[in-house]
Structures are given as structure tokens and as C-alpha cells.
Amino acid sequence: MHNLTLYYFGDLMGKLGLGRETLRIPASHATIAGLMNLLAIRGGDWDKAFSSPRGSLQILVNKRPAQLDTALASGDEIAFIESIAL
């Protein structure tokens, strides 16, 4: 199991009603894509936010840009940032 700290910024914070959480994920899901799948199965706005990657979603792991295949380790901090100007 990996202990992660997740941060949600921009429009995601408003949509999800959450700015920060800690989460334990199994090693089998220890990539950004795996984490996003776990978040999407929460349903509702979580599914909309994480079921399919968008160009407007910026992802950082430990303050560095990350891709879907970026590996995650216990103690990592993951930031999901989405701001859409209307």
C-alpha cells in the first residue's frame, strides 16, 4: 500500500468540494493512471474529473510535471490542477 497526499486546485476544488486528502492505494494502482481510475470510481463529479484525461488537467508529483505512466511511491504528493476560463 502507498500513502499519498492529494491536492485539488482551481476548478477541481470547487467541483469536488475538497482541497486536500490523504489516500492509501494498492501497489497495483501506483501510477497516475491507476490513481485516476480509483478516483473516478467514486462516481458523479469524480468520474467526470478523472475518467478521461484532458489537456486542461495539469498533474504534478512532488511539484514536478507528471504523465499518466508516472510511478507513485508512498509519501508522494500529487496535485491535480484544472482551471478553465469561461
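Predicted model, so just to flag it, every value in this text is computed and none were measured.
- Residue M13 is not grouped with residue L23 when hydrophobic side chains (ILVMFWY) are merged at heavy-atom distances under 4.5 angstrom, including chains of intermediate members.
- Looking at residues two or more places apart in sequence or on another chain, you find no side-chain hydrogen bond (donor to acceptor under 3.5 Å, both in side chains) involving D47.
- Residues W46 and I59 fall within the same hydrophobic cluster, defined by Ile, Leu, Val, Met, Phe, Trp and Tyr side chains chained together at heavy-atom separations under 4.5 Å.
- Under the side-chain contact (heavy atoms from CB on, under 4.5 Å) criterion, A27 pairs with H2, sequence neighbours left out.
- Connection of L57 to I78 is established within a shared hydrophobic cluster, with ILVMFWY side chains joined at heavy-atom distances below 4.5 Å, either directly or through further cluster members.
- Sequence neighbours left out, the pairs with a member in residues 59-76 that pass side-chain hydrogen bond (donor to acceptor under 3.5 Å, both in side chains) are N62-D76.
- Scanning both residues, L35 and I25, for their nearest heavy atoms gives CD1-CG2, 4.1 Å.
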(message) Assess the residue pair K48 and K15 against the criterion (side chain to side chain contact (heavy atoms under 4.5 Å, CB included)); give the C-alpha distance rounded to whole Å, side-chain angles, the decisive distance to 0.1 Å, and a yes or no.
(response) CA-CA 10 Å; K48 292 176 191 171; K15 273 189 222 175; over 6 Å; no
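- Under the 4.5 Å side-chain heavy-atom criterion for grouping Ile, Leu, Val, Met, Phe, Trp and Tyr, L60 is not connected to L18 through any hydrophobic cluster.
- Residue T31 holds its OG1 atom at 6.5 Å from CG of L72, rounded to the nearest 0.5 Å.
- F9 is not connected to L6 by any chain of hydrophobic side-chain contacts under 4.5 Å among Ile, Leu, Val, Met, Phe, Trp and Tyr, and they are in different clusters.
- For the residue pair T5 / E77, no side-chain donor-acceptor distance below 3.5 Å is found, with atom types taken as modelled.
- The aromatic rings of F50 and F80 stand perpendicular to each other, their planes meeting at an angle above 60°, with 30° marking the opposite boundary.
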(request) Show the numbers, then the answer: is there a side chain to side chain contact (heavy atoms under 4.5 Å, CB included) between I81 and L12? (result) CA-CA 7 Å; I81 306 163; L12 278 178; over 6 Å; no
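- Not a single side-chain hydrogen bond (donor to acceptor under 3.5 Å, both in side chains) links D45 to another residue, sequence neighbours left out.
- For P26, the side-chain contact (heavy atoms from CB on, under 4.5 Å) partners two or more places apart in sequence, or in a different chain, are M1, S28, H29, L38.
- For the salt bridge (Lys or Arg N to Asp or Glu O under 4.0 Å) condition, the pairs that include at least one residue of residues 19-37, sequence neighbours left out, are E21-R42.
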